Amino acid sequence: MNMMTEVLKEFSFDEYIATNSDLAEHFTDRDKEEIFNHFQEFGSAERRGIHLNDYLYIDAVLCSDKGDFFITGWADRRIFPTIEISVQVGYVKYRFADARPCWYDRADVNAVLGDHDQPSGFIALVRVDDPQHFLVHSALSVFINGVPLHRQNVARWLSSERFLQEALGACAILADRPIGETLASGKILHRQFLPLWQRVQQGMKFAKVLAVDSERKVRSSIVITIYRKADMLLVQLSELAEFLERAAVEVIVVLNDVANAAALAEEVMAFCQIHPIAISIYNCTGNSGFSAGNNFGASVARGDVLVFMNPDVFPPLENAEGSLGYLLSDPGDGLHGAMLYYGDGLLMHSGMYVVQDLVFDAKGATDLALRVEHFGKGLTLDIDADKQALGRAIATIPQQICIPSAALWKIRKKQFAKMGGLSTDYIYAYYEDAALGLDALAEGVRVTIDTSARWIHMEGVGKSMPPHVRSFMWLNRARFSAQYAGTPHVVDTLMDQSLL
Amino acid sequence: MTSPSKLKYLTVALYHPRVMKGGAQYVAKDLHDMADAGDDFEAVLLAGIDGRMFPQYVKVGSVITALPETQNEYILGGFKFDDFYHVVHDPRRNKMLARFLEDHRPDVIHIHHSLWVGLEFIELCRKVLPDVKIIYTLHEYLAMCYSQGQLFRYHERAICHQAAPDQCVKCFPGRSVEEFMLRKRFFQRAFEKVDHFISPSAYLAERFIEWGIPRAKMSVIPNGHRTSRPAGWTPAHSEDLNIFGYFGQFVDAKGIDVLLQAARTAAEATDKPVEVKIFGGNKSHASPDYLARIDKALADAPANLRVSEMGAYSRENVFDLMNSVDWVVVPSVWPETFGLVVSEAWEARRPILASRAGGLIERIEDRKNGLSFAPGSVSGLAQLMTECIGNAPLWDTISAQVEDEISLDLAWSRHAELAKSLMMSAHAHPQIALAG
């Protein structure tokens with residue numbers, strides 16, 4: 001006996017007319033074909049008859065005074081396979097036809113919707129074409145697929161940098177996930193964030209707030225770019241004071257978003273009364289990022305040799321001659337790094353290398369993600385170790401893939417300019433040093449880790465990173481992966497296992 | 001003008017007793033007065049102060065001001081101080097300090113503190129006066145302990161026996177191990193420029209030698225004692241020998257809570273009245289947790305226990321106040337660097353019940369010049385208090401065996417000897433160790 005029954009599909013004309021009052025005046029019972037055509041052409045796409053707020057929701061909207069909008073929410077993808085975003089500001093409506101939202105899994109939403117096949121959460125970053133002429137207004141409405149889902153009667157408009165940081169902070173929900181799940185989104189979002197980041201950078205200005213002994217003839221310029229907290233600068237200068245007082249060296253400090261730069265300049269001035277060193281301080285109006293800060297420092301440097309140094313790098317307590325000599329010696333046409341040690345004296349690393357890993361998401365999509373690793377990390381030869389023993393240990397390091405860390409490295413000013421400086425495409429910080437290192441290797445620049453230069457890197461450990469920092473690290477990694485995956489000086493996962 | 005035969009001796013202190021009373025400033029002022037009174041030195045005193053706390057001592061636009069109606073005593077006012085690295089980066093202050101040093105040109109600078117003086121002052125002294133001899137007296141553990149320089153782990157309520165950076169972050173979770181490494185390097189680098197260190201106790205000296213100060217640069221000179229005991233005075237006690245006195249600050253690490261809990265236990269064990277008198281100020285600096293423990297100790301206390309807060313005291317009246325109690329209790333839970341109260345109790349021939357903490361260990365010989373118990377031990381102290389109540393033979397024995405701390409004259413002679421020996425040879429490593 002055949003148990004199958006025929007399923008009859010029937011369109012409910014009465015229900016369609018009754019629940020769509022705008023149609024009732026145009027159609028009667030006789031116009032069934034036209035009614036059905038209307039449904040097929042418009043009604044189904046407009047999701048008529050569905051209470052949309054149960055299937056589509058906006059969690060938060062950030063807006064900048066230059067017409068940037070960051071929108072997060074979720075949607076049932078079976079009803080809304082794609083979303084189209086429009087924003088109305090006052091009396092002007094902007095349709096962002098090319099918006100590319102990044103979809104990600106939201107277990108909380110999936111559990112309610114019942115759809116465990118498709119990601120339901122979305123992040124969208126859109127901007128108007130002409131930010132300079134964007135007019136803010138008190139009223140802000142956001143539409144998804146034409147549906148008004150969000151309205152603010154008193155909109156708060158963030159300045160560009162604040163918008164950037166808050167939007168980055170909101171992206172941490174993706175940044176904190178395994179890279180295989182988010183690499184594709186990271187690449188998209190980096191491209192979307194980049195124009196905003198460039199605009200933020202263009203708005204930055206550097207002002208000289210202190211110059212001491214600016215006539216001293218110098219061979220090297222030490223560039224120290226500091227972000228927010230300058231509490232280690234005077235400690236660092238104290239440790240280097242005896243050397244800096246007598247050496248043909250100037251120090252250039254670039255302050256990125258450092259609170260009370262005037263007080264810091266006064267304190268450095270007081271320090272210079274006791275320790276006559278050549279130093280200048282430049283204060284940036286915001287956070288220009290690690291690359292731009294260092295590039296600026298390089299641009300004002302008077303020395304032929306640029307030494308880029310983090311503010312938390314210190315010479316060893318004993319036998320510091322080689323380390324201090326590093327600050328003066330000429331790297332030639334090469335790029336020279338240093339040996340970096342932890343505060344407890346154990347080796348932090350003797351150069352870096354880049355590894356590409358095959359990563360994948362739950363749906364089976366694969367990609368190549370790059371990570372930066374360090375040679376010699378965990379080696380139990382401390383800062384006082386016999387040089388020969390250390391030399392033997394690091395002799396195994398393949399120099400053709402070795403690059404220096406930005407915590408401490410040096411290069412001739414001309415060579416730095418020839419290479420175009422550090423890439424400012426990396427948002428705020430991270431990965432720009434590895435990018436420069438790989439560029440150097442690609443261009444045949446000799447890259448060396450000076451094993452006589454032993455420095456202690458008091459990098460904070462165990463401190464949690466704020467969400468926006470985690471996000472730009474992730475976005476920069478995506479950017480770095482997009483550019484350098486598959487290039488000759490990047491090693492694969494298997495080779496990584498065999499390296500020191 | 002300094003006469004050719006006199007050495008110019010600059011004492012640099014934290015506070016002046018006229019600005020704020022305290023043990024370290026009394027020691028510094030006493031030594032300055034001794035230097036000033038003798039024929040061998042011309043003495044100058046410079047006292048660093050927090051200008052925000054005592055604005056009346058800071059003149060507008062001036063960093064250094066003379067203390068009214070004194071000869072060669074000055075106040076160094078400050079308005080900002082980095083209490084982690086102990087530095088003051090102030091151009092105006094540096095300029096005036098350099099001028100002060102150039103004007104006075106001391107041969108010897110004796111620094112008694114880095115708080116509100118600043119470690120950069122040591123470097124400045126070296127820059128302005130490259131040959132000056134710098135002596136540094138360690139009055140507490142601030143260089144190795146950011147927790148008020150007490151080596152006391154408040155979260156564990158225990159003495160810190162290992163001031164390592166990874167341990168420091170347990171007291172200060174908001175700071176990193178690296179910060180404490182740098183702090184230690186910073187202090188050690190500044191201390192490298194000091195010619196000689198003085199510690200008032202062997203305990204403190206050994207802790208700092210372990211921390212990194214070369215043994216050859218460390219001497220122990222107890223804080224000298226200036227007697228105020230009347231001639232012909234004889235010690236006496238109350239009829240019931242049941243009055244215990246506490247003299248000191250009303251702050252957490254002093255162990256008043258231990259004393260009161262022990263007093264309660266002792267009172268519960270006897271029908272006799274037990275009295276505790278607390279002399280000391282700064283109760284406002286005690287933590288709420290500490291005050292709560294004290295309240296708890298006194299809640300529903302037995303009727304025969306009487307506790308009185310007697311208020312602050314000074315060294316002008318401490319001898320008389322000491323005589324108003326039978327026994328002096330020093331219940332400190334932090335490793336006292338010296339224990340000035342011990343000298344004051346000995347002056348009044350009071351038997352002391354002291355915890356075996358820090359410098360007290362070497363000063364209190366159990367059953368000879370006092371009685372001792374483990375730091376923080378309520379039961380240990382209660383047992384001793386029970387033993388003491390009404391025990392005239394014990395009181396008489398210990399009181400008769402108590403001797404004064406070394407005199408201020410003797411202590412100063414050791415300081416003077418050290419200063420002169422430093423002046424005599426740049427390569428000499430003078431060392432003075434006194435048992436007391």
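Just so it is clear, the values below take in all heavy atoms, side chains as well, and ignore hydrogens, waters and symmetry mates. Labels below follow one simple rule: chain letters A, B, ... track the order of the sequence lines, proteins then strands, and each chain is numbered from 1. Quick caveat, the model's predicted, so the values are computed rather than measured.
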No-hydrogen, no-angle side-chain donor-acceptor test under 3.5 Å, Glu123(B) and His275(A): yes
Spacing of Leu182(B) atom CG and Gln236(A) atom CD [to the nearest 0.5 Å]: 9.5 Å
Gln56(B) atom CD: more than 12 heavy-atom contacts under 6.0 Å: yes
Verdict with supporting geometry, Met458(A) and Arg185(B), side chain to side chain contact (heavy atoms under 4.5 Å, CB included): CA-CA 12 Å; Met458(A) 295 285 194; Arg185(B) 286 169 66 122; 4.1 Å; yes
Asp344(A) and Met181(B), any side-chain heavy atoms less than 4.5 Å apart: yes
Ionic contact status for Arg126(B) with Glu242(A), cut-off 4.0 Å: no
Contact summary for Pro91(B) and Ala270(A), nearest pair of heavy atoms: N-CB, 3.3 Å
Whether over 12 other heavy atoms sit under 6.0 Å from Met269(A) CE: no
Nearest heavy-atom neighbours spanning Val235(A) and Arg189(B): O-NH2, 4.1 Å
Candidate pair Lys127(B) and Glu245(A), rule salt bridge (charged side-chain N to carboxylate O under 4.0 Å, His left out), full reasoning: CA-CA 12 Å; Lys127(B) 288 280 178 184; Glu245(A) 284 180 34; 2.6 Å; yes
Euclidean distance, Tyr85(B) OH relative to Leu234(A) CG, rounded to 0.5 Å: 10.0 Å
Exercise answer: donor-acceptor pairs, residues 161-172 of chain B side-chain atoms, under 3.5 Å, sequence neighbours excluded:
from: Gln167(B); atom 1: OE1; to: Arg153(B); atom 2: NH1; distance (Å): 3.4
from: Gln167(B); atom 1: OE1; to: Arg153(B); atom 2: NH2; distance (Å): 3.2

Salt-bridge present (Arg92(B), Glu266(A); N to O < 4.0 Å): no
Any His89(B) side-chain heavy atom under 4.5 Å of Val268(A) side chain: no
Intermediate values then yes/no, salt bridge (charged side-chain N to carboxylate O under 4.0 Å, His left out), Glu267(A) and Arg93(B): CA-CA 11 Å; Glu267(A) 289 177 359; Arg93(B) 179 183 155 110; over 6 Å; no
Candidate pair Gln273(A) and Lys95(B), rule side chain to side chain contact (heavy atoms under 4.5 Å, CB included), full reasoning: CA-CA 8 Å; Gln273(A) 288 175 313; Lys95(B) 193 171 125 182; 4.1 Å; yes
CD/Glu156(B): more than 12 non-hydrogen atoms of other groups inside 6.0 Å: yes
